[in-house]
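Just so we're clear, the structure is a prediction, and the values are computed from it rather than from any experiment. Start at 1 with the first residue, then count along the sequence.
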Amino acid sequence: MHFSRGECLLQYWLDKKGLTQAEFSRRTGWSTRIISYWCNAERPMSVEAMYTAAIILDIKMDQLYQWKLEASESRRMRE
């Protein structure tokens, strides 16, 4: 079984929690530029960034992305 990241949901969670990217930047110490990259799916979040964001937003790490289940190579080869 293999999962891959789909759409980043950081902007959704910022909106839901009533935080702007600027406020999130102040709380995390990250630049608004990098936060914008994540929100616009221009760069993926690192695991460390996901953990920090999850703590600040009071959510689970896996809620920061839509996850796609992909069939494994060995299973595809058997079919």
Asker: Taking all atoms of both residues into account, what is the closest heavy-atom pair of S31 and S25, and its distance?
Answerer: C-OG, 3.9 Å
Asker: Look up atom NZ in K16 and atom CD in Q11, then write down how far apart they are to the nearest 0.5 Å.
Answerer: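 Those atoms lie 14.0 Å apart.
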Asker: Please name the pair of heavy atoms, one in M50 and one in M61, separated by the smallest distance, quoted to 0.1 Å.
Answerer: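 In this case the closest contact between M50 and M61 is CE-O, 3.7 Å.
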Asker: Any donor and acceptor pair, going by atom type alone, linking the side chain of T32 with main-chain N or O of A22 inside 3.5 Å?
Answerer: no
Asker: Measuring from atom CH2 of W30 to atom CD1 of I35, what distance do you get when rounded to the nearest 0.5 angstrom?
Answerer: 7.0 Å
Asker: To the nearest 0.5 Å, how far apart are CZ in F24 and OG in S36?
Answerer: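 Answer rounded to 0.5 Å: 13.0 Å.
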Asker: Which value, rounded to the nearest 0.5 Å, describes the distance between T28 atom OG1 and E23 atom CD?
Answerer: 9.5 Å
Asker: Within a 6.0 Å radius of atom NZ on K17, are there more than 12 heavy atoms belonging to other residues, nucleotides or ligands?
Answerer: yes
Asker: What residues form a side chain to side chain donor-acceptor pair (under 3.5 Å) with R43, not counting sequence neighbours?
Answerer: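 Here no residue qualifies.
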Asker: Can C39 and L14 be said to form a side chain to side chain contact (heavy atoms under 4.5 Å, CB included), step by step?
Answerer: CA-CA 10 Å; C39 289; L14 292 175; 4.1 Å; yes
Asker: Kindly write out the residues that satisfy side chain to side chain contact (heavy atoms under 4.5 Å, CB included) with K68, not counting sequence neighbours, or none if the list is empty.
Answerer: S4
Asker: Measure the spacing between CD1 of I56 and CH2 of W13 and express it to the nearest 0.5 Å.
Answerer: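 So the CD1 of I56 and the CH2 of W13 are separated by 15.0 Å.
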Asker: Less than 4.5 Å apart, side chain to side chain, heavy atoms only: is that true for L10 and Y65?
Answerer: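 No. Closest side-chain heavy atoms not under 4.5 Å.
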Asker: Rounded to the nearest 0.5 Å, what's the gap from CD on E7 to CH2 on W67? Could you check?
Answerer: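 So the gap between those two atoms works out to 13.0 Å.
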Asker: Sort and list the pairs that fulfil side-chain hydrogen bond (donor to acceptor under 3.5 Å, both in side chains) and have at least one residue in residues 49-63, not counting sequence neighbours.
Answerer: none
Asker: Has R5 got a side-chain atom pairing as donor or acceptor with M45's backbone, closer than 3.5 angstrom?
Answerer: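 Pair found, side chain donor or acceptor close to backbone of M45.
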